[in-house]
Amino acid sequence: MAGHSKWANIKRQKAVVDAKRGKTFTQLSRAIIVAARSGVPDPALNFQLRTAIDKAKAASIPNDNIERAIAKGAGTNGGDNATFEAIRYEGYGPSGVAILIEAFTDNRNRTAADLRVAFSKNGGNLGETGCVSWMFEQKGVCVVQSVVDEEQLLEASLEGGAESYEMTEDEMAEVFTDIGNLETLSQTLKDQGIKVTEAELRWIPSISAEVTDPDQARSLFKLIDTLESLDDVQNVTANFEMAEELIALSII
């Protein structure tokens, strides 16, 4: 899986900048609403909901907001009856970079229009369904920290049905598995004393597009930032390769 964490590493670097703005309450609340609606509204019995709540708490969203989002997803809040659906959009950015966007929306036309404007203003274009998704494969990923014994991580990963793992930083690793096995892997790692800080589904590129031009790099990051700032957008994934120095210059 070498190189498969490239995008995740870039996302972590961007997070230093994005922290000034942060993921909005709206975006994280929608993830809870959709998760509660797609399964039982009990985090103990709904792994997707439990994961969404963990992310919301990590972003310091108040418990009252979380409870309201759960109630809204469960249809017990008695208020706004807007129905949110999960939908994936695809497009191309500068230098031919493939981009996948996962969104939760109650109005497909509005979301598509917002995305089209974001792409066109930043050197890209929104494409048809399937135009770039063939370049990605979805995997379950557990991010773990405080790894001091890699042999222990290997044994726990194998026991949990992992396909592979990759050390990304000092004492930090990402463990990959089939999407249907993510909950089992996460629980197994925890049971074996491994600190799991995040469990998520992630699109991993099988084909990469190299970006070497500084102007193209800046346009690409501006496009990604614009997409991520939209309330309807939950996740943005791209398949670019870029030198670390160029990343540092381009993330502004």
Side-chain angles (χ1 to χ4, degrees), residues 1-24 26-28 55 58-59 88-103 111-139 141 143 166-170 172-174 176 198 200-252:
M1 300 292 288
H4 284 187
S5 296
K6 180 71 171 181
W7 175 240
N9 291 338
I10 292 169
K11 292 280 281 188
R12 275 192 286 273
Q13 293 180 57
K14 285 178 82 283
V16 176
V17 177
D18 293 344
K20 299 174 184 176
R21 178 181 64 235
K23 201 76 170 174
T24 69
T26 300
Q27 291 166 316
L28 291 167
K55 289 184 177 180
R88 189 175 73 232
Y89 296 89
E90 306 176 29
Y92 291 94
S95 295
V97 170
I99 299 178
L100 284 182
I101 304 108
E102 294 172 287
T111 304
D114 288 345
L115 292 174
R116 193 169 289 109
V117 169
F119 271 100
S120 64
K121 286 187 175 181
N122 294 285
N125 62 281
L126 185 64
E128 299 295 328
T129 300
C131 68
V132 302
S133 57
W134 60 273
M135 303 183 203
F136 297 82
E137 183 179 12
Q138 195 173 37
K139 292 290 183 182
V141 184
V143 180
E166 181 179 349
M167 299 300 299
T168 55
E169 298 177 22
D170 287 344
M172 179 180 289
E174 293 183 335
F176 300 86
E198 191 169 357
E200 64 178 1
L201 298 180
R202 187 186 303 167
W203 290 97
I204 298 173
S206 56
I207 298 174
S208 297
E210 187 174 10
V211 180
T212 58
D213 180 82
D215 290 336
Q216 293 280 290
R218 280 189 288 270
S219 294
L220 177 62
F221 279 117
K222 186 178 178 182
L223 169 59
I224 292 171
D225 284 341
T226 301
L227 293 171
E228 289 180 332
S229 70
L230 297 174
D231 281 345
D232 293 344
V233 171
Q234 287 293 310
N235 294 297
V236 179
T237 307
N239 75 335
F240 64 87
E241 288 284 350
M242 189 183 299
E244 296 290 336
E245 297 80 4
L246 189 53
I247 293 172
L249 289 172
S250 302
I251 299 177
I252 56 175

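Because only heavy atoms are used, hydrogens play no part in the values below, and waters and symmetry mates are left out as well, while side chains stay in.
Of all non-hydrogen atoms in Thr111 and Ala103, the two that sit nearest each other are CG2-CB, 4.3 Å. Closest of all the heavy-atom pairs between Glu90 and Ser133 is OE1-N, 2.9 Å. Of all non-hydrogen atoms in Glu174 and Val143, the two that sit nearest each other are OE2-CG2, 4.0 Å. The minimum heavy-atom distance linking Pro205 with Ala238 is given by the pair CG-O, 4.4 Å.
Rounding to the nearest 0.5 Å gives a distance of 11.5 Å between NZ of Lys55 and CD of Gln27. Put simply, CD1 on Ile224 and CD1 on Ile101 are 9.5 Å apart, with the number rounded to the nearest 0.5 Å. Taking CD1 of Ile207 as the reference point, atom CG of Asn239 lies at 8.0 Å (rounded to 0.5 Å). One distance of note links CG of Leu246 with CZ of Phe221; it measures 7.5 Å at 0.5 Å rounding. Note that CD1 of Ile99 and CZ of Phe240 are 8.5 Å apart. Values are rounded to the nearest 0.5 Å. Rounded to the nearest 0.5 Å, atoms CD (Gln138) and CZ (Arg202) are 11.5 Å apart.
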Open item on the list: Show, in sequence, the C-alpha distance, side-chain angles and deciding distance for Leu220 and Met242, and conclude whether the side chain to side chain contact (heavy atoms under 4.5 Å, CB included) test is met.
Closed with: CA-CA 11 Å; Leu220 177 62; Met242 189 183 299; 4.2 Å; yes
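Taking the side chain to side chain donor-acceptor pair (under 3.5 Å) definition, one finds that Glu137 meets it with Lys139, sequence neighbours left out. Scored by the side chain to side chain donor-acceptor pair (under 3.5 Å) test, Gln216 finds Ser95 as partners (sequence neighbours excluded).
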Please set out all donor-acceptor pairs under 3.5 angstrom arising from side-chain atoms of residues 119-131, sequence neighbours excluded.
from: Ser120; atom 1: OG; to: Arg116; atom 2: O; distance (Å): 3.1
from: Ser120; atom 1: OG; to: Val117; atom 2: O; distance (Å): 3.0
from: Asn122; atom 1: ND2; to: Ala118; atom 2: O; distance (Å): 2.8

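For the pair Asp215 and Arg218, the salt-bridge criterion is met [side-chain N within less than 4.0 Å of a carboxylate O].
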